[in-house]
**Q** 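Below are the structure tokens for one structure; questions will follow.
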Amino acid sequence: MTAVAVLGASGAVGRVALDLLRSWGVGPLRAGARRPPDADGVEQVAVDARDPAALVRFCADARVVLNCAGPAVDLTDAVARAAAQAGADYVDAAGDDALYAAVAAVPAAVGRVAVVSAGMMPGLSGLLPRLLAVHLPDGERLTGHVGGRDRFTRTAAVDYVSADESFGWPAAALRDGQVVPGALRPCADVTVPTFPEPVTAQPYLGTETARIAAGLGLRQVDWYSVFAGERVLAALRSGTPPDADGKHRAGELLHRAAELDLFGQRPYQHLVVTLDGASGTRTAVVHSTGASDLTGTFAALTARAVLAGTVPAGVWHAAEVLDPVVTFTELAAAPSVLFASVVADVTAVDRYEEDVI
Ligand SMILES: NC(=O)c1ccc[n+]([C@@H]2O[C@H](COP(=O)([O-])OP(=O)(O)OC[C@H]3O[C@@H](n4cnc5c(N)ncnc54)[C@H](OP(=O)(O)O)[C@@H]3O)[C@@H](O)[C@H]2O)c1
């Protein structure tokens, strides 16, 4: 029996996930894509996710199907359906509320597990507040900064520009436990702790953040997406037409803008999340080589947890069901994670230095 069947295994996210699973000795493994990757000791299967029968054959005899193919906005629940039909558990690197609802509506075998939102954001971004709450149980106010200077694959870019209110609300914040639209403004040219350069912080309250905050009883949340380059911001501010062609065109523009912003520089992606309370402050800091790497890492950790039987039957967002302490410790050991820690004083964390890497 195959332990994990990774779809999209030749992509930026899938490659990282497959490599990690192999390095942990998880197996047997199956790797799928329309043009599957060469990987020693891994069964390779050519499969098109738009062919439901071929997808069911790809999922057959697998304990867990890990979906890293995309764009998620195009594939939606196709892979989850096939996994359910084949009797396999399911993990998706993409997520949020619309995908969760679609996967939850798939008639699944009794006792099966499905976990969506198993990427960097949503995913790790939702786990960090839960981790901080372990360190500071009386925490009340949450502040997050997530971003950097990074690539967008065409696939990830299409999903990013397609984000609607099922992902979150631009410029909103949580005040007194309520989502308040327009509560925050973008801040240009600001210094954010541990970021290596001045950045633009764009307020964005994700549905994931709001959900996790409600679960933890947090009343106030300020959350920002952080961009180091001008061209990515300009591409995002030019808007996304609602039709499928328009989303793909906007995704292409974002992909190219990110390449230009990155020209000659090393990609990085940071998450810096602070919880304040009466008894003090704790900040979770994750420095990584990029969002795809971090997403592949978090997706692989989720698939391994499902395989190990630590996730109960049902449909979940990864951040809500994984153990925050165990998962963070495992994440910190991954090759794409340059630094991961929970600190009392974030100003003491050294800035990312090129020569340190
Ligand atoms: N949560 C986060 O923070 C986050 C961050 C980054 C990415 N993501 C998500 O992760 C997913 C993958 O993104 P990526 O950047 O890795 O994309 P990518 O580099 O373009 O890779 C896409 C993979 O899917 C395969 N694929 C595409 N269409 C397929 C089809 N019809 N049938 C079978 N395989 C297909 C591709 O191979 P072939 O072309 O050979 O088929 C490739 O292996 C997306 O859903 C993206 O939104 C999430």
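All figures in this text were calculated on a predicted structure; none of them were measured in a lab. The first residue of the sequence shown is numbered 1, and numbering continues consecutively from there.
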**Q** Rounded at 0.5 Å granularity, tell me how far CG in L142 sits from OG1 in T209.
**A** 7.5 Å
**Q** Using 4.0 Å as the upper bound for N to carboxylate O, is an ion pair formed by E320 and R211?
**A** yes
**Q** Consider only side-chain heavy atoms of I, L, V, M, F, W and Y, link residues closer than 4.5 Å, and tell whether L307 and V113 are in one cluster.
**A** yes
**Q** So, for R63 and A3, which heavy atoms are closest and what is the spacing to 0.1 Å?
**A** CB-O, 3.3 Å
**Q** Looking at F298 and G119, what are the two nearest heavy atoms and their distance?
**A** CD2-O, 3.2 Å
**Q** Do Y268 and D150 have a side chain donor and acceptor closer than 3.5 Å?
**A** no
**Q** Starting from the C-alpha separation in whole Å, work towards a yes-or-no answer on side chain to side chain contact (heavy atoms under 4.5 Å, CB included) for F195 and V190.
**A** CA-CA 10 Å; F195 278 73; V190 290; over 6 Å; no
**Q** Would you say R149's side chain and A228's backbone share a donor-acceptor pair under 3.5 angstrom?
**A** yes
**Q** Heavy atoms only: give me the nearest L21-A300 pair and the separation to one decimal.
**A** CD2-O, 4.0 Å
**Q** Answer yes when D176 and R219 have at least one side-chain N-carboxylate O distance shorter than 4.0 Å, and no when they do not.
**A** yes
**Q** Would you say the side-chain atoms of S336 and T297 include a donor-acceptor pair closer than 3.5 Å?
**A** yes
**Q** Please check: side-chain N/O of D159 versus main-chain N/O of P71, any donor-acceptor pairing under 3.5 Å?
**A** no
**Q** Side chains of D61 and T2: is there a donor and an acceptor less than 3.5 Å apart?
**A** no
**Q** Working to the nearest 0.5 Å, report the span between CG of D261 and CZ of F152.
**A** 10.5 Å
**Q** L218, V273: one ILVMFWY side-chain cluster at the under-4.5 Å cut-off?
**A** yes
**Q** When rounded to the nearest 0.5 angstrom, what distance separates CE in M121 from CG in L128?
**A** 11.5 Å
**Q** Is there a path of hydrophobic side-chain contacts, each under 4.5 Å between heavy atoms of I/L/V/M/F/W/Y residues, joining I212 to W316?
**A** yes
**Q** Donor-acceptor pair, distance only, cut-off 3.5 Å: does the side chain of R130 make one with the backbone of A319?
**A** yes
**Q** Does the R22 side chain pair with the main chain of D40, one donor and one acceptor, at a distance under 3.5 Å?
**A** yes
**Q** Where is the tightest heavy-atom contact between D276 and L136, given as atom of each residue plus distance?
**A** C-CD2, 4.0 Å
**Q** Take D89 and R112 through the salt bridge (Lys or Arg N to Asp or Glu O under 4.0 Å) test and state the conclusion after the steps.
**A** CA-CA 6 Å; D89 290 338; R112 287 288 123 218; 2.7 Å; yes
**Q** Quick one: side-chain contact (heavy atoms from CB on, under 4.5 Å) partners of R151, sequence neighbours excluded?
**A** E259, L262, P267
**Q** Just how far is it from atom OH of Y90 to atom OG1 of T302, taken to the nearest 0.5 Å?
**A** 12.5 Å
**Q** When you measure from the side chain of S117 to the backbone of A318, do you find a donor-acceptor pair of N or O atoms at a distance under 3.5 Å?
**A** no
**Q** Looking at R175 and D222, is any side-chain nitrogen of the basic one under 4.0 Å from a carboxylate oxygen of the acidic one?
**A** yes
**Q** Do V337 and V13 belong to the same hydrophobic cluster, where Ile, Leu, Val, Met, Phe, Trp and Tyr are linked whenever their side-chain heavy atoms lie under 4.5 Å apart, directly or via other members?
**A** no
**Q** Over all heavy atoms of both residues, which pair between V65 and A88 is shortest? Give the atoms and the distance, please.
**A** CG2-CB, 3.8 Å
**Q** Give a yes-or-no answer on whether the side chains of D96 and S166 include a donor-acceptor pair shorter than 3.5 Å.
**A** no
**Q** Passes side chain to side chain contact (heavy atoms under 4.5 Å, CB included), C68 versus V6? Steps please.
**A** CA-CA 7 Å; C68 302; V6 182; 4.3 Å; yes
**Q** Look at the side chain of T153 and the backbone N and O of A156, then say whether any donor-acceptor pair between them is shorter than 3.5 Å.
**A** yes
**Q** For the residue pair A94 and L99, what are the closest heavy atoms and their distance?
**A** O-CD2, 3.5 Å
**Q** Between S125 and M120 (side chain of the first, backbone of the second, donor and acceptor by atom type, cut-off under 3.5 Å), is there such a pair?
**A** yes
**Q** Using only heavy-atom distances, determine whether the side chains of R35 and Q44 contain a donor-acceptor pair under 3.5 Å.
**A** no
**Q** Between N67 and V91, does a side chain to side chain contact (heavy atoms under 4.5 Å, CB included) hold up when you go through it step by step?
**A** CA-CA 6 Å; N67 180 22; V91 175; over 6 Å; no
**Q** Applying side-chain hydrogen bond (donor to acceptor under 3.5 Å, both in side chains) between E252 and each of R256, H248, R249, H255, report the one that passes.
**A** R256
**Q** Would you check if the side chain of T295 reaches a backbone N or O of S292 as a donor-acceptor pair within less than 3.5 Å?
**A** no
**Q** Could you tell me whether E230 atom CD has more than 12 heavy atoms of other residues or ligands within 6.0 Å of it?
**A** no
**Q** Nearest 0.5 angstrom please: L132 CG to T274 OG1, how far?
**A** 7.5 Å
**Q** Would the distance check show the side chain of R30 and the main-chain N or O of V42 forming a donor-acceptor pair, the cut-off being under 3.5 Å?
**A** no
**Q** Taking only residues two or more places apart in sequence or in another chain, which ones pass ring pair (Phe, Tyr, Trp, His ring centres under 6.0 Å) with H145?
**A** Y224
**Q** Do the side chains of P198 and D189 get nearer than 4.5 Å, heavy atoms only?
**A** yes
**Q** So, taking the atom named OH in Y160 and the one named NZ in K247, what distance separates them when rounded to the nearest 0.5 Å?
**A** 16.0 Å
**Q** Side chains of V179 and W169: does their closest heavy-atom pair fall under 4.5 Å?
**A** yes
**Q** Measure from the side-chain N and O atoms of D138 to the backbone N and O of S279, and report whether any donor-acceptor pair falls under 3.5 Å.
**A** yes
**Q** In the structure I gave you, are the side-chain heavy atoms of W223 and L184 within less than 4.5 Å of one another anywhere?
**A** no
**Q** Any link between V73 and L75 through a network of hydrophobic side chains (Ile, Leu, Val, Met, Phe, Trp, Tyr) touching at under 4.5 Å?
**A** no
**Q** Under a 4.5 Å cut-off applied to non-hydrogen side-chain atoms, are V286 and F339 in contact?
**A** no
**Q** Stepwise, does the side chain to side chain contact (heavy atoms under 4.5 Å, CB included) test hold for L294 with L124?
**A** CA-CA 8 Å; L294 218 39; L124 177 59; 4.0 Å; yes
**Q** Side-chain donor-acceptor pair under 3.5 Å between T327 and D323, yes or no?
**A** no
**Q** Please walk me through it: do Y100 and E208 pass side chain to side chain donor-acceptor pair (under 3.5 Å)?
**A** CA-CA 11 Å; Y100 178 94; E208 171 192 63; over 6 Å; no
**Q** Just so I know, are the side chains of R141 and L275 near enough to count as touching, which here means a heavy-atom distance under 4.5 Å?
**A** no
